[in-house]
*Asks:* 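The structure that follows is given in the form of structure tokens.
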Amino acid sequence: GKENAHQFVNSYHTSYLDIAFKYITHIGHGLVPILAFHILLLVRYSWALGLGVSSLIMGIIVQGLKRSVFAGDHRPAMFFPEGGLPVIDGVDLMMHHSFPSGHSATAFCLCLMFAFFTKQKRTSALLATVALLVAFSRVYISQHFIQDTIVGSWIGLILALLGYIFIVYPAEENPGSKLNKRLWPS
């Protein structure tokens with residue numbers, strides 16, 4: 001089951017990966033889209049609005065699922081209470097509200113939106129790698145099970161796609177749109 005898969009993924013730890021994933025995971029923190037939103041206001045309103053709306057709806061869905069529908073889903077630390085998980089300095093293991101992974105949803109929503117903005121294959125591949133690393137980090141640092149991160153990632157992808165289709169793309173197709181302006185014009 002999910003416990004065996006989690007133990008398999010966590011069977012190989014190094015001090016380098018412990019440090020790397022301890023920090024990579026923060027890219028999926030809920031405050032990152034808020035910061036990105038404010039920065040994007042300086043670039044293009046449609047980008048800020050697309051990311052902001054997508055992230056807001058994604059957060060409501062993820063937190064709603066975590067705290068109501070799947071409130072009883074526990075995190076890995078509840079399944080391995082007697083030291084069955086690797087210990088990473090500086091990582092406090094959470095116990096509840098495991099499904100779905102909010103960090104994974106945030107990372108995929110954020111990275112896909114930025115891939116849409118840049119429209120460059122290499123940059124998009126790099127952003128996809130970052131999103132995957134954030135999702136994997138959640139399992140590596142034992143905050144989530146694999147299925148938590150997969151579903152969270154899909155939620156982030158779907159909301160980013162919807163934000164692009166309904167907000168960003170229409171503005172791109174209409175060069176005169178007010179959404180193509182920015183906070184401080186050049």
*Asks:* I'd like to know if Leu161 and Tyr169 are part of one continuous hydrophobic network [Ile/Leu/Val/Met/Phe/Trp/Tyr, side-chain heavy atoms within less than 4.5 Å].
*Replies:* yes
*Asks:* Treating Ile, Leu, Val, Met, Phe, Trp and Tyr as nodes and any side-chain heavy-atom pair under 4.5 angstrom as an edge, say whether Phe37 and Ile39 lie in one connected cluster.
*Replies:* no
*Asks:* Which side-chain N or O atoms in residues 122-136 pair as donor and acceptor under 3.5 Å with protein atoms at least two apart or in another chain?
*Replies:*
{"unit_1": "Thr123", "atom_1": "OG1", "unit_2": "Gln120", "atom_2": "OE1", "d": "3.1"}
{"unit_1": "Ser124", "atom_1": "OG", "unit_2": "Gln120", "atom_2": "O", "d": "2.9"}
{"unit_1": "Thr129", "atom_1": "OG1", "unit_2": "Ala125", "atom_2": "O", "d": "2.9"}

*Asks:* Does the side chain of Phe21 reach to within under 4.5 Å of the side chain of His13, using non-hydrogen atoms?
*Replies:* no
*Asks:* Hey, could you give me the CE/CG distance between Met58 and Leu157, rounded to the nearest 0.5 Å?
*Replies:* 11.0 Å
*Asks:* With a 4.5 Å heavy-atom cut-off, do Val151 and Trp154 have their side chains touching?
*Replies:* no
*Asks:* Where does the angle between the aromatic ring planes of Phe70 and Phe99 fall among parallel (under 30°), tilted (30 to 60°) and perpendicular (over 60°)?
*Replies:* perpendicular
*Asks:* How close do Pro175 and Asn180 get, heavy atom to heavy atom, and via which atoms?
*Replies:* O-ND2, 3.4 Å
*Asks:* For the residue pair Ile165 and Pro170, what are the closest heavy atoms and their distance?
*Replies:* O-CD, 3.2 Å
*Asks:* Taking Lys22 for its side chain and Asp89 for its backbone only, find out whether a donor-acceptor pair lies under 3.5 Å.
*Replies:* yes
*Asks:* Mind checking the CG-CD1 spacing from Leu159 to Ile61? Nearest 0.5 Å is all I need.
*Replies:* 4.5 Å
*Asks:* Any sub-3.5 Å donor-acceptor pair from Thr106's side-chain atoms to His29's backbone N or O?
*Replies:* no
*Asks:* If you group Ile, Leu, Val, Met, Phe, Trp and Tyr by side-chain heavy-atom gaps below 4.5 Å, do Leu40 and Phe166 land in one group?
*Replies:* yes
*Asks:* Is there any salt bridge (Lys or Arg N to Asp or Glu O under 4.0 Å) pair reaching into residues 59-81, and which pairs are they, with sequence neighbours excluded?
*Replies:* none
*Asks:* Give the minimum heavy-atom separation between Ala160 and Phe116, together with the two atoms involved.
*Replies:* O-CE1, 3.9 Å
*Asks:* Is it the case that more than 12 heavy atoms not belonging to Lys178 sit under 6.0 Å from its NZ atom?
*Replies:* no
*Asks:* Identify whether Leu162 and Ile60 are in the same connected component of the hydrophobic contact network (ILVMFWY, side-chain heavy atoms under 4.5 Å).
*Replies:* no
*Asks:* First locate atom OG of Ser98, then atom CE of Met78, and finally report the distance between them rounded to the nearest 0.5 Å.
*Replies:* 11.0 Å
*Asks:* I'd like to know if Val69 and Ile155 are part of one continuous hydrophobic network [Ile/Leu/Val/Met/Phe/Trp/Tyr, side-chain heavy atoms within less than 4.5 Å].
*Replies:* yes
*Asks:* What is the distance from atom OH of Tyr45 to atom CG of Leu179, rounded to the nearest 0.5 Å?
*Replies:* 9.5 Å
*Asks:* Ignoring hydrogens, what is the shortest heavy-atom contact between Gly102 and Val62? Give both atom names and the distance.
*Replies:* CA-CG1, 3.7 Å
*Asks:* For the residue pair Ile141 and Ile88, what are the closest heavy atoms and their distance?
*Replies:* CG2-CD1, 3.7 Å
*Asks:* Hey, are the side chains of Asp148 and Gln143 touching, using non-hydrogen atoms and a 4.5 Å cut-off?
*Replies:* no
*Asks:* Going by atom type alone, with no hydrogens or angles, which donor-acceptor pairs under 3.5 Å involve a side-chain atom of residues 1-9 and a protein atom two or more places apart or on another chain?
*Replies:*
{"unit_1": "His6", "atom_1": "ND1", "unit_2": "His144", "atom_2": "O", "d": "3.4"}
{"unit_1": "His6", "atom_1": "NE2", "unit_2": "Asn10", "atom_2": "ND2", "d": "3.2"}
{"unit_1": "His6", "atom_1": "NE2", "unit_2": "Ser142", "atom_2": "OG", "d": "3.0"}

*Asks:* So how far is it from Ile167 CD1 to Tyr164 OH, rounded to the nearest 0.5 Å?
*Replies:* 12.5 Å
*Asks:* From Arg182 CZ over to Arg44 CZ, what is the distance, rounded to the nearest 0.5 angstrom?
*Replies:* 9.0 Å
*Asks:* Taking it one step at a time, do Ser104 and Thr149 satisfy side-chain hydrogen bond (donor to acceptor under 3.5 Å, both in side chains)?
*Replies:* CA-CA 6 Å; Ser104 299; Thr149 62; 4.7 Å; no
*Asks:* List the steps and the verdict of side-chain contact (heavy atoms from CB on, under 4.5 Å) for Leu17 and Tyr12.
*Replies:* CA-CA 9 Å; Leu17 291 176; Tyr12 181 76; 4.2 Å; yes
*Asks:* Would you say His97 and Gln63 make side-chain contact, with heavy atoms under 4.5 Å?
*Replies:* no
*Asks:* Less than 4.5 Å apart, any side-chain heavy atom of Trp47 and any of Met113?
*Replies:* no
*Asks:* If you compare all heavy atoms of Gly50 against all heavy atoms of Val168, which two are closest, and at what distance to 0.1 Å?
*Replies:* CA-CG2, 4.0 Å
